[in-house]
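See below for the structure under consideration.
Scope of the values below: all heavy atoms of this structure, side chains included, with no hydrogens, waters or symmetry mates. These figures come from a predicted structure and were not determined experimentally.
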Amino acid sequence: MALVVKKFGGSSVASTDKILNVANRVLNDKHPDDQVVVVVSAMGDTTDDLISLAQGIDDQPYKSSYSREMDMLLTTGEQVSIALLAMAFQKLGQPAISLTGSQIGMHTSSNHTKGRILSIDPARVIHELDKGKIVVAAGFQGIDKHGDPVTLGRGGSDTSAVALAGALKADSCEIFTDVDGIYSADPRIVKGARKMREITYYEMLEMARLGAGVMQPRSVEVGQHFNIPIHVRSTFTDTPGTIIREDYTMEEQGFIIRGVAHDEKVAKFAILGVPNQPGVAHKVFAALSDANIDVDMIVQSIRNVEQDITDIIFTVEQNYVAEAKAVIEGVAQKLRALGVEIDEDVAKVSIVGAGMLGAPGVAAKMFGALAREKVNIEIISTSEISISCLIKADRLRAAVNAIHNEFFPID
Ligand code: ASP
Ligand code: MG
């Protein structure tokens, strides 16, 4: 007997026909005494549609004052898909029950729209499995100490599935999606992108953090925490996908770069002409942190030695531009800065690979590819296993292709 957790994304459950297909597929793959938990996202673009609805009330629905209500709204999406999938199983003769985030015991922080899982108490899930039912669990949602629904950030169903697999000590965790695995770059942009058989948690986390949309970054962290291999594969075919795990087996070793990731949902802020004094950066970033806004790339540059002023430049997620703008304009005024500039037409392109540790010339190779393509680099940032460049958004496609060709030449 095996306990398996399977997650199906929004595109896999976009219509009632597709929901019936998912139910069929799960039943075909199920051994008679397997216990199965299916985690689902909201149908198709439901979450986006719900956000658009909220924009009908206020065009900035992500303001922190609305965040509790946004979660109340967004959690309805998954409530629809779980009910329909449980009905689909029943229709096919398989007992099944749908459970919300609260019913699966998914306890989260109170950071609405960006909740973190604190603990999982899956007693109800186990009880229903032991009765022979398939449990259909709502992804993306949990409940905080006040009993309020909290969502786990966009793409959070991945995290729900992996965390539930960890809490249940599941034998496997499969993430079914509309692509058949993890690629060395987005195959919609790069023709020669290669599917990986395996990738480590460490590298996948960096790929996901830098924009590879397949998995929510937090889900990879959770997989690493529980040491659960995550199999990312297609809903529509039987071909094996990519396994995210602790280490490579022999055949997949020897890469310097694992992939090229990109992120268009970034915006650049520049606070111009702030005093070059201790405590200034702290004031800027503490204000953003108090407003719960994550900052990504940061540079500070001396602009004018005589006047002793600097520019502080950083990027934030595009969803938070309006909030960040309000915060930063307040801080800039207090610091008597010369001005604030915001550029939303930027994008970030990154290379990721644990093999770059100790391999000289990797950055030069990346910048060389961009130079030949005449792509200007606005900001560079690095981590141990990645290098990222902020560029103009309209050069993104060219940049991703040039860098991919550099590291994965088409033979
Ligand atoms: N439905 C949510 C979203 O679109 C969660 C998910 O799909 O994982 O972000
Ligand atoms: Mg998703």
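- Nearest heavy atoms, Q141 versus T75: NE2-O, 3.2 Å.
- Within a 6.0 Å sphere centred on CE of M87, heavy atoms belonging to other residues, nucleotides or ligands number 12 at most.
- Residues K392 and D343 are paired through a salt bridge, judged by an N-O separation under 4.0 Å between the basic side chain and the carboxylate.
- Side-chain contact of E384 with Y202: a donor-acceptor pair under 3.5 Å is present, judged by distance alone.
- With respect to L85, the side-chain contact (heavy atoms from CB on, under 4.5 Å) criterion is satisfied by exactly one of V40, V26, L20, V80: V40.
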Query - Test log, rule side-chain hydrogen bond (donor to acceptor under 3.5 Å, both in side chains), inputs S160 and S157 - result: CA-CA 5 Å; S160 307; S157 300; 5.2 Å; no
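- Put simply, the side chain of T315 gets close to the backbone of M297: a donor and an acceptor are under 3.5 Å apart.
- Rounded to the nearest 0.5 Å, atoms OG (S12) and CD1 (I175) are 10.5 Å apart.
- D263 has no carboxylate O lying under 4.0 Å from a charged side-chain N of K265, or vice versa, which leaves the two without a salt bridge.
- In this pair, F176 and F8 present their aromatic rings parallel. The plane angle is below 30°, not in the 30 to 60° band.
- A salt bridge does not link R233 with D180: none of the charged nitrogens is closer than 4.0 Å to a carboxylate oxygen.
- Every side chain to side chain contact (heavy atoms under 4.5 Å, CB included) that A359 has, sequence neighbours left out, goes to I256, V362.
- In terms of modelled atom types and a separation under 3.5 Å, the side chain of Q90 and the main chain of A96 share a donor-acceptor contact.
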Requested in this report: Any chance you could lay out the side-chain contact (heavy atoms from CB on, under 4.5 Å) test for I257 and M356, step after step, and finish with the verdict?
Outcome: CA-CA 7 Å; I257 295 303; M356 73 170 69; 3.6 Å; yes
Query raised in the report: Should E344 and Q318 be marked as a side-chain contact (heavy atoms from CB on, under 4.5 Å) after you check the CA-CA gap, both sets of side-chain angles, and the distance that decides it?
Result: CA-CA 7 Å; E344 294 191 55; Q318 221 153 41; 3.6 Å; yes
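- A donor-acceptor contact shorter than 3.5 Å is absent between the side chain of E246 and the backbone of Q224.
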**Report entry** Evaluation steps, side-chain hydrogen bond (donor to acceptor under 3.5 Å, both in side chains), between T151 and H112
**Finding:** CA-CA 6 Å; T151 61; H112 283 289; over 6 Å; no
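- Checking each of V22, L27, I97, N24 against F89 for a side-chain contact (heavy atoms from CB on, under 4.5 Å) leaves exactly one that passes, namely L27.
- Using a 4.5 Å heavy-atom cutoff, the side chains of I104 and L164 are in contact.
- Using a distance-only test at 3.5 Å, with no hydrogens or angles considered, no donor-acceptor pair links the side chain of E198 to the main chain of I243.
- Looking only at side-chain heavy atoms (C-beta outward), V316 and K268 stay at 4.5 Å or farther from each other.
- Between the side chains of Y248 and E203, a donor-acceptor pair is found at a separation under 3.5 Å.
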Donor-acceptor pairs are to be reported for all side-chain atoms of residues 114-139 against protein atoms at under 3.5 Å, with residues two or more places apart or in another chain.
unit_1	atom_1	unit_2	atom_2	d
K114	NZ	N292	O	2.3
D121	OD1	A123	N	3.4
R124	NE	E128	OE2	2.9
R124	NH2	E128	OE2	3.4
D130	OD1	Q35	NE2	3.2

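- Using a distance-only test at 3.5 Å, with no hydrogens or angles considered, a donor-acceptor pair links the side chain of Y201 to the main chain of I228.
- Side-chain contact between V150 and N111 is absent, with no heavy atoms from C-beta onward closer than 4.5 Å.
- When all heavy atoms of G77 and A42 are compared, the pair lying nearest together is C-CB, 3.5 Å.
- Here the CZ-OH distance, from R188 to Y183, works out to 11.5 Å after rounding to the nearest 0.5 Å.
- Across V346, D296, I391, I313, a single residue satisfies side-chain contact (heavy atoms from CB on, under 4.5 Å) together with I379, and that is I313.
- The shortest non-hydrogen separation linking I312 to A281 is CD1-CA, 4.1 Å.
- Between D158 and R218 no salt bridge is recorded (no basic side-chain N to carboxylate O distance below 4.0 Å).
- Here T159 contributes atom OG1 and L152 contributes atom CG; the two are 6.5 Å apart, rounded to the nearest 0.5 Å.
- Counting non-hydrogen atoms of neighbouring residues, nucleotides and ligands closer than 6.0 angstrom, the NZ atom of K365 exceeds 12 such neighbours.
- Rounding to the nearest 0.5 Å gives a distance of 4.0 Å between CD1 of I199 and CE of M196.
- A donor-acceptor contact under 3.5 angstrom links the side chains of H404 and S184, judged on distance only.
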Requested in this report: Check the pair E174 / K7 against salt bridge (Lys or Arg N to Asp or Glu O under 4.0 Å), numbers first and verdict last.
Outcome: CA-CA 6 Å; E174 292 165 295; K7 179 255 173 179; over 6 Å; no
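- Between L396 atom CG and D345 atom CG the span is 12.0 Å, to the nearest 0.5 Å.
- Counted by atom type alone, S219 and Q216 present zero donor-acceptor pairs between their side chains at under 3.5 Å.
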**Report entry** side-chain contact (heavy atoms from CB on, under 4.5 Å) between F407 and V260, intermediate numbers included
**Finding:** CA-CA 9 Å; F407 290 98; V260 183; 5.6 Å; no
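- Residues R154 and D48 are paired through a salt bridge, judged by an N-O separation under 4.0 Å between the basic side chain and the carboxylate.
- F269 and F314 have parallel rings, their planes meeting at less than 30° on a 0 to 90° scale where 60° marks the start of perpendicular.
- Shown here for Q103 and S98, the closest heavy-atom pair between the two residues is OE1-O, 4.1 Å.
- Side-chain contact between L210 and S388: present, with at least one pair of heavy atoms (C-beta onward) separated by less than 4.5 Å.
- Note: S41 OG to E78 CD = 5.5 Å, rounded to the nearest 0.5 Å.
- Judged by distance alone, with hydrogens and angles left aside, the side-chain atoms of R25 form a donor-acceptor pair with the main-chain N or O of T235 at under 3.5 Å.
- H231 places a side-chain N or O within 3.5 Å of a backbone atom of G241 that can act as its donor or acceptor partner.
- Surrounding CD of E329 are more than 12 heavy atoms belonging to other residues, nucleotides or ligands, all under 6.0 Å away.
- Panel note: side chain D34, backbone H31; a donor-acceptor pair is recorded below 3.5 Å.
- Side-chain N or O atoms of D148 include none that pairs as donor or acceptor with a backbone N or O of D144 at under 3.5 Å.
- Every side chain to side chain contact (heavy atoms under 4.5 Å, CB included) that Y66 has, sequence neighbours left out, goes to D58, K63, M70.
- Nearest heavy atoms, L92 versus A23: CD1-CB, 3.7 Å.
- Remark: of the listed residues M207, E206, M215, H225, M215 is the sole one forming a side-chain contact (heavy atoms from CB on, under 4.5 Å) with V220.
- Considering only heavy atoms from C-beta on, L205 comes within 4.5 Å of E221 through its side chain.
- Taking all atoms of both residues into account, the shortest heavy-atom contact from M43 to S81 is CG-CB, 4.0 Å.
- The main-chain N or O of G259 is never found under 3.5 Å from a side-chain atom of R194 such that the two would form a donor-acceptor pair.
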